[in-house]
2 protein chains.
Amino acid sequence: MNSVVAINRRARSDEQKALRRQTVLRAAEAYFLEVGYEAFSMAQLAKRAGLVKGTLYLYFKTREELFLTLYEESLTRWSQVFISNLSEPMSSEAYARALHNTALADGTFVPLLIRLEHVIEHNVSTPRLIESKRVFMQRVEVIAESTSKALALSLRQAKEVTKTMGVLLIGATRTDQGPSLEDEELPVDVQDLIASFSSEPLFVKNAVRIIEGIRAEATANSHKTNR
Amino acid sequence: MNSVVAINRRARSDEQKALRRQTVLRAAEAYFLEVGYEAFSMAQLAKRAGLVKGTLYLYFKTREELFLTLYEESLTRWSQVFISNLSEPMSSEAYARALHNTALADGTFVPLLIRLEHVIEHNVSTPRLIESKRVFMQRVEVIAESTSKALALSLRQAKEVTKTMGVLLIGATRTDQGPSLEDEELPVDVQDLIASFSSEPLFVKNAVRIIEGIRAEATANSHKTNR
DNA sequence: TTATATAGCTGACCGCCGATCATTTCAACT
DNA sequence: AGTTGAAATGATCGGCGGTCAGCTATATAA
């Protein structure tokens, strides 16, 4: 009945506890992919993971700490996929396209990213928040290194590109997160509006503008005196 | 006790109903400014508006339709303030700064904007959604017209700038929506990270890059043959 | 092999949420 | 004054995230 076999009735050793935590996380991810953030309930998750709601709270302090963990996992997973899709050198456009497509291909990453600051982080302990921010910084570092090579930018520039791409990604993928309705229900003017906010071209075009802007600032600065 | 005097025990005429709807909206806005989106409860709102929870649902189908109405109001209000802050001509940077500062100055606009697609629109009837999208299109039109004059761009370019600024605003104001915690609790590396995502410079710098990018594309295209 | 102590796990319970609806009540019209 | 229909009510619903006293499986000691 359950998707994961409960190996033991009780997890006593640290390894067993880690294993149980993992089965919860995997069940949570599968469930999240089905129903999304708002419809996700802890009681349902417990059922699917083959235990009871109270037990979940032995492994995660709050619903949001569970989501924060899923976010961290998806960030790391995505960053690896993204980096493996880069070549040296590549165009800004190809870079932007790779970033966008790998991000959207991971069903967990974007939905959690866009809720990170204004929902998830508000019900998480401060130490856990700090830990999470450090994971984030580390990923930025790693991505920036690859970005530097792919786009032939200084590390400082590459770091700025990396951070800015995150900002743009959040804004550009909004429409994909809107209500999914049959297009036939919508009048053409509204359909056109939604089409004009289609995330892929929106992201890619502006990513290129920003990357080229950052590149241009460097050459402009090198022509100036050091004030 | 109540902030608004209940003019009548019952609203019978259309004007009276509109008036009561307005008192609910004004109470909702004041309450929202105090507690934000997640802590906002319909029962509390009813108390503050001087009526009972069930009555709210005579005037708004769902909590989200109430928020959608507040969003539309704030969008219109902000766009007027923003436009009145534009001059002709002005620099991209001044334009971006005006946009960012007027948007953040309105306590309702940004918090609702960032939740629009992935929360609010998911519990709203399709006709109401269509109506709301049309209000949005109309505001884009109005803002684009002023943008065209302020930045000396074609209307087509100005419309693209306007839409893109919305996307960027959502991404850039994320950090402002994070948990508000005493800075002393955070280690310096995390403080630095948060500071590096400070929304004003983040927005302004990238807005300028995008605006200048759009401007440059026009001159580049005019040098090409019409393919 | 059996007794004991530990801690993982349970499920009933809490307060609150958004939303509904049969009933009450009052303003307007005859 | 009597009638009526819609505005307002408040009890009620199912479900939510989260808690906790008690149960019991399990590791260890005797």
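Predicted model, so just to flag it, every value in this text is computed and none were measured. Proteins come first, then strands; the chains are lettered A, B, ... in the order of their sequence lines, and each starts at number 1.
- Atom-to-atom, CG of B/Leu19 to C1' of D/dA7 comes out at 15 Å; the value is rounded to the nearest Å.
- With sequence neighbours excluded, no residue forms a salt bridge (charged side-chain N to carboxylate O under 4.0 Å, His left out) with B/Glu145.
- For A/Arg115, the salt bridge (charged side-chain N to carboxylate O under 4.0 Å, His left out) partners are A/Glu38, not counting sequence neighbours.
- In this view, A/Glu185 satisfies the salt bridge (charged side-chain N to carboxylate O under 4.0 Å, His left out) rule with no residue, not counting sequence neighbours.
- In this entry the distance linking NZ of B/Lys47 with P of D/dT9 reads 14 Å, nearest Å.
- One can place CZ of A/Arg20 at 11 Å from P of C/dG8, the figure rounded to the nearest angstrom.
- A perpendicular orientation is assigned to the rings of A/Phe32 and A/Tyr37, their planes being inclined by more than 60° (bins at 30° and 60°).
- Note: CD (A/Gln16) to C1' (C/dG8) measures 11 Å, nearest angstrom.
- Between the CD atom of B/Glu65 and the C1' atom of C/dA19 there is a distance of 13 Å, given to the nearest Å.
- Partners of B/Ser74 according to the side chain to side chain donor-acceptor pair (under 3.5 Å) rule, which considers only residues two or more places apart in sequence or in another chain, do not exist here.
- A search for side chain to side chain donor-acceptor pair (under 3.5 Å) contacts involving B/Asp189 returns A/Arg134, not counting sequence neighbours.
- Between the P atom of C/dA19 and the CG atom of B/Leu45 lies a distance of 12 Å, rounded to the nearest Å.
- Residue contacts shown for B/Phe60 are absent, as no nucleic acid heavy atom lies under 4.0 Å away.
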Does the protein touch nucleotides 14-21 of chain D at the base, only the backbone, or not at all? Give it as B, S and - per nucleotide, heavy atoms under 4.0 Å. --SBBB--
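- Looking at residues two or more places apart in sequence or on another chain, you find no salt bridge (charged side-chain N to carboxylate O under 4.0 Å, His left out) involving B/Lys53.
- One can place CZ of B/Arg21 at 17 Å from C1' of D/dA8, the figure rounded to the nearest angstrom.
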Produce the list of close N/O pairs, under 3.5 Å, pairing protein atoms with atoms of nucleotides 22-24 of chain D; give distances to one decimal.
| residue | atom | partner | partner atom | Å |
| --- | --- | --- | --- | --- |
| D/dT24 | O2 | A/Arg10 | NH1 | 3.0 |
| D/dT24 | O2 | A/Arg10 | NH2 | 3.4 |

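- Aromatic ring centres of A/Phe67 and A/Phe60 lie farther apart than the 6.0 Å criterion allows.
- Judged as a salt bridge (Lys or Arg N to Asp or Glu O under 4.0 Å), the pairs with a partner in residues 160-182 of chain B (not counting sequence neighbours) are, in order, A/Glu117-B/Arg174, A/Lys205-B/Glu160, A/Arg209-B/Glu160, B/Arg156-B/Glu160.
- Rounded to whole angstrom, the span from the CZ atom of A/Arg12 across to the P atom of C/dT6 amounts to 11 Å.
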